[in-house]
Amino acid sequence: MTSAAYDDNNIFAKILRGEIPSHRVYEDDHTVAFMDVMPQAPGHVLVVPKAPSRNILDADPAALSQAIAVVQKIANAVQDAFDADGVFVCQFNEPAAGQTVFHLHFHVIPRHDGVALKPHSGTMEDGAVLAANAEKIRAELA
Ligand code: 5GP
């Protein structure tokens, strides 16, 4: 079965165009990374290719390889910034798999032994907390 078409009114397309704000931690020619507003753990980052695709199923392989290199960079940064024991990387394709925003993105989430993840798309985090966590990650990337 083929996926639905890409819709450039999705929330991440608006963030990429700067029409709505985000706490950006990284940007290059192909990829942006910003804080998830409903983090499953402190330091939860979304890595988002600039190229339009709905998810991994319709993505250009070149955009995927550029994005995964940024995922690695961000994973190392969040592990150090949050003194994490590990880093969870995940990515959902279509609603049946849990996808809620239809522009390709990778979740990068620091994990600590014995600490459960909060629910996916659960509670909005305070803006000041997101700003402070973004700053910690930018400091690691600098
Ligand atoms: P998905 O279910 O599509 O993999 O995940 C979408 C993610 O985007 C969720 O973790 C959710 O918390 C996050 N999210 C939803 N709306 C916004 C938003 O407006 N800004 C940011 N930064 N994250 C969002």
Side-chain angles (χ1 to χ4, degrees), residues 1-82 84-112 114-142:
M1 193 170 131
T2 339
S3 300
Y6 178 80
D7 175 2
D8 69 1
N9 279 319
N10 73 76
I11 199 100
F12 292 170
K14 290 180 181 176
I15 288 174
L16 290 172
R17 291 195 294 267
E19 294 168 9
I20 62 169
S22 66
H23 296 277
R24 291 192 186 204
V25 297
Y26 177 86
E27 178 166 7
D28 63 26
D29 287 348
H30 306 289
T31 311
V32 171
F34 51 81
M35 306 309 291
D36 193 306
V37 286
M38 291 173 265
Q40 292 187 252
H44 182 166
V45 172
L46 298 169
V47 174
V48 183
K50 292 181 178 177
S53 79
R54 205 174 143 82
N55 52 45
I56 206 169
L57 301 172
D58 61 337
D60 178 346
L64 286 177
S65 66
Q66 287 150 350
I68 207 72
V70 177
V71 167
Q72 182 189 38
K73 197 185 289 279
I74 298 297
N76 278 299
V78 300
Q79 183 169 48
D80 292 345
F82 294 89
D85 299 310
V87 182
F88 180 46
V89 172
C90 64
Q91 189 276 319
F92 307 119
N93 302 285
E94 298 302 323
Q99 187 177 9
T100 59
V101 177
F102 298 96
H103 181 113
L104 175 62
H105 54 280
F106 295 85
H107 298 260
V108 181
I109 309 176
R111 297 298 312 267
H112 292 89
V115 179
L117 281 183
K118 292 184 194 156
H120 179 63
S121 296
T123 313
M124 282 284 269
E125 183 56 277
D126 186 71
V129 172
L130 292 175
N133 288 343
E135 190 47 44
K136 283 188 194 172
I137 297 166
R138 284 193 289 265
E140 286 299 334
L141 290 166

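We count ligands from 1, going down the list as the structure has it; atoms in each ligand are counted the same way.
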Can you run down the ring pair (Phe, Tyr, Trp, His ring centres under 6.0 Å) pairs that involve residues 51-78, sequence neighbours left out, and say none if there aren't any?
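Pairs touching residues 51-78 that pass the test: none.
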Report all protein residues having a heavy-atom distance below 4.0 Å to some atom of ligand 1; order the list by chain, then number.
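Around ligand 1, where the cutoff is 4.0 Å for heavy atoms, the contacting residues are I11, F12, I15, F34, M35, D36, V37, M38, L46, F92, G98, Q99, T100, V101, H105, H107, H120, S121.
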Quiz: residues 122-142 side-chain donor-acceptor pairs under 3.5 angstrom, not counting sequence neighbours:
| from | atom 1 | to | atom 2 | distance (Å) |
| --- | --- | --- | --- | --- |
| D126 | OD2 | A128 | N | 3.2 |
| E135 | OE1 | R138 | NE | 3.3 |
| E135 | OE1 | R138 | NH2 | 3.1 |
| R138 | NH1 | R24 | O | 2.4 |

Run the numbers on Q66 and D29 for side chain to side chain contact (heavy atoms under 4.5 Å, CB included), then give the verdict.
CA-CA 10 Å; Q66 287 150 350; D29 287 348; over 6 Å; no
Going from CG on D8 to NE2 on H103, what distance comes out if it is rounded to the nearest 0.5 angstrom?
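The NE2 atom of H103 is 10.5 Å from CG of D8, to the nearest 0.5 Å.
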Using a cut-off of 6.0 Å, state whether more than 12 heavy atoms not belonging to K50 lie near its atom NZ.
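Yes - once you tally the heavy atoms of other residues, nucleotides and ligands closer than 6.0 Å, there are more than 12.
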Only counting residues at least two apart or in another chain, list the ones meeting side chain to side chain donor-acceptor pair (under 3.5 Å) with H44.
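Only D36, H107 meet the side chain to side chain donor-acceptor pair (under 3.5 Å) criterion with H44.
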